[in-house]
Amino acid sequence: MRWSQTLIPTLKETPAEAEILSHKLLLRAGLVRKLTGGLYTFLPLGVRVLRKVEQIVREEMDRSGALEVLLPTLQPPEIWQQSGRYEAIGDGLYKLRDRAKKEWVMSPTAEEVITTLAAGEINSYRQLPATFYQISVKFRDEIRPRFGLMRAKEFIMKDAYSFDATEEAAMSSYRKMYDAYQRIFNRCGLKNFPVEADTGVIGGNLSHEFMVPAETGENEIVFCEACGYAANLEKATSGIPKTAAREVGPTPEKFATPGVVTIEALTKAPHSVPANRQIKTLVFIADSKPVLILVRGDDQLNEAKLASVLGTTVFRPAETPEIFDALGAHPGSLGAVGVTKFPVFADERLRGANGMTTGANEDGFHFNKVSLERDIPGARWADLRTVGAGEPCAKCAKPLKIQRGIEVGHVFMIGSKKYSEKLNAYYLAEDGTRKPCVMGCYGIGITRTLQSIIEQSNDKDGIVWPLTVAPYQVCITPLGVASGSAVMQLAEKIYAELQARGVDVILDDRDERPGVKFKDADLVGFPIRLGIGEKSLAKGEVELKRRGGTLTPVLAAAAVAKVCECLAAGGAN
Ligand code: ATP
Ligand code: MG
């Protein structure tokens with residue numbers, strides 16, 4: 001490609017809209033442009049990187065034995081209702097109406113469609129295992145689209161789905177995908193690691209996310225350097241001790257706490273109840289009804305864990321009037337003792353606790369000597385608290401650390417209840433019985449992966465592309481483009497020879513100052529730059545520079561061979 005023939009609108013200034021470095025570089029290097037919040041146009045260079053990432057994904061999916069399909073983006077809401085996700089995803093689903101006023105769902109992922117396909121096409125155990133994948137545009141009505149391609153309303157995802165006869169076979173399909181994901185992210189030049197993950201509204205019981213460590217990541221990863229445990233904070237547990245047992249009274253005792261409406265206030269004199277002896281009572285509205293959540297006074301609720309427990313992400317903290325209506329008291333005096341009308345979920349750390357203090361559902365009063373099991377017998381137990389840095393690892397007791405990361409991929413073991421049974425994906429087993437397919441599903445955010453590579457691989461001058469995904473691997477930079485000049489003749493010759501050898505090369509034929517050309521080449525981040533100037537050419541030399549490396553003079557006659565050698569050795573990276 002000739003630079004003058006394509007569109008690479010590099011920017012000197014950083015656009016105000018971009019908050020994080022990779023987003024700034026995407027715009028400055030002329031890879032994308034914003035249409036409006038959460039929607040981006042890919043320019044020619046952006047498309048080239050995108051296609052390379054997709055190709056790596058495609059090759060590794062094919063290698064794992066998965067079959068490529070292409071599913072409709074416009075999907076009937078009925079199958080989403082059948083799986084229960086029409087409600088569970090709620091406003092996160094883009095919906096539209098056609099001319100006949102019929103509603104359609106814009107695919108945010110495709111479990112419902114693929115299971116419908118399996119229901120129709122898979123009849124016998126002989127057809128299993130089967131894994132299908134597609135690379136396509138997905139739509140999500142994100143609450144906060146931001147950071148460019150990282151969290152967009154419309155993005156490209158690779159989604160794959162495995163169907164197996166048994167749990168054991170499904171585990172093997174899961175493992176194949178897990179391995180393929182490691183190969184994919186490694187080939188993209190990304191430092192990444194898998195962590196145990198929450199299964200969210202997709203459901204299921206085993207799941208890993210592939211994380212790229214980055215300060216700007218939206219995920220917090222809890223990990224143990226000693227034993228290798230790593231989990232998303234949404235899922236992480238620790239070996240923190242349960243609540244110690246205390247004195248047990250025959251019943252809770254009510255005491256006056258005028259004006260005391262926070263955990264902190266109750267820790268002060270005259271009450272002096274330490275936070276770890278208090279029960280924090282939170283009220284949420286899920287499915288239009290109040291739900292009470294109990295965690296220890298010194299713990300924080302993890303809303304992702306709550307979503308798993310409630311089976312939906314559609315819930316919100318109750319408003320004060322709703323709370324008063326339900327419990328007869330205001331926040332600060334709430335508790336679950338004697339509450340039978342509403343579901344109560346209590347964090348595992350409170351299991352067996354006694355001698356605890358909690359609000360009495362009467363403004364200005366609390367109970368003490370509360371025994372969880374005795375006084376709140378209807379509570380359902382769940383892991384609801386957020387793990388903190390420094391807590392002991394559940395596996396090896398060493399202190400846990402927390403680090404931020406970007407989720408680029410996610411693998412789930414789903415089982416058969418969530419989709420196969422609901423959407424009728426059954427097969428005839430060898431023994432003649434009808435059984436539901438055991439499913440797994442697997443996603444990679446292609447556009448998010450692209451931006452994560454930039455987030456991880458850059459320097460003060462711009463992007464530093466790994467060779468495998470660079471828009472062009474080699475940039476030829478003639479300093480002076482007068483046609484017929486020795487410089488331009490050589491540039492053209494090398495350009496033609498590299499093209500003939502199948503090298504991905506761009507010729508910067510713009511009539512620009514050398515400084516501008518070098519700056520642009522560095523900003524866009526081509527792994528290898530070949531500078532051709534009059535001075536060095538007088539010595540029969542050209543200048544080879546790896547992105548981020550030093551300048552090496554090479555003989556003009558050996559330039560093509562040298563570039564090829566450099567590419568074979570892995571280029572700049
Ligand atoms: P997140 O927790 O970041 O919202 P998710 O868990 O909802 O993501 P999945 O349903 O697991 O996402 O989707 C698979 C992959 O698609 C994710 O690992 C991520 O790389 C990508 N992805 C998800 N949502 C977006 C988005 N809004 N914009 C860009 N990529 C996305
Ligand atoms: Mg996910």
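Numbers here simply count residues along the sequence, with the first being 1. In listed order, ligands and their atoms are each counted from 1.
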Judged by non-hydrogen atoms, does Thr447 sit under 4.0 Å from ligand 1? no
Based purely on interatomic distance, does Phe412 place a nitrogen or oxygen under 3.5 Å from a nitrogen or oxygen of ligand 1? no
Would Glu225 and Lys398 pass as an ion pair if we require N to O under 4.0 Å? no
Residues Glu111, Thr109; criterion side-chain hydrogen bond (donor to acceptor under 3.5 Å, both in side chains); working and verdict: CA-CA 6 Å; Glu111 283 78 4; Thr109 159; 2.6 Å; yes
Electrostatic pair Arg349-Asp299, nearest N-O below 4.0 angstrom: yes
Enumerated ligand 1 atoms positioned under 4.0 Å from heavy atoms of Glu142: 24 (N), 26 (C), 27 (N)
Determine, using heavy atoms of Leu149 and all atoms of ligand 1, whether some pair is separated by less than 4.0 Å. yes
Could you check whether Glu68 pairs with Arg58 (Lys NZ or Arg NE/NH1/NH2 to Asp/Glu carboxylate O, under 4.0 Å)? yes
Counting only heavy atoms, tell me which of Arg140, Met157, Glu111 gets closest to atom 12 (O) of ligand 1. Arg140
Number the atoms of ligand 1 from 1 as they appear, then name those within less than 4.0 Å of a heavy atom of Arg151, with their elements. 1 (P), 3 (O), 4 (O), 26 (C), 27 (N), 28 (N)
Using distance alone, with no hydrogens and no angle criterion, decide if Tyr133 and Asp62 have a side-chain donor and acceptor under 3.5 Å apart. yes
Taking both backbone and side-chain atoms into account, decide whether Glu407 has an N/O/S atom under 2.8 Å from the Mg ion (ligand 2). yes
Charged N-O contact under 4.0 Å between Arg316 and Glu322: yes
Contact atoms of ligand 1, heavy-atom distance to Gly445 under 4.0 Å: 15 (C), 16 (O), 20 (O), 21 (C)
Within ligand 1, which atoms have a heavy atom of Met150 less than 4.0 Å away? 26 (C), 28 (N), 29 (C), 30 (N)
Show me which atoms of ligand 1 lie under 4.0 Å from any heavy atom of Gly409. 18 (O)
Glu154 bridged to Lys138 by N-O distance under 4.0 Å: no
Among the N, O or S atoms that His410 has, which is closest to the Mg ion (ligand 2)? ND1
With heavy atoms under 4.0 Å as the rule, classify the contact between Arg448 and ligand 1 as side chain, backbone, both or neither. side chain
How about Tyr419 and Tyr161: are their ring centres within less than 6.0 Å of each other? no
Taking only heavy atoms of His410 into account, list the atoms of ligand 1 that are under 4.0 Å away from them. 6 (O), 11 (O)
Assess whether a salt bridge exists between Asp298 and Arg385, defined as any Lys/Arg side-chain N lying under 4.0 Å from an Asp/Glu carboxylate O. no
Can you list the atoms of ligand 1 that are under 4.0 Å from a heavy atom of Val408? 18 (O), 20 (O)
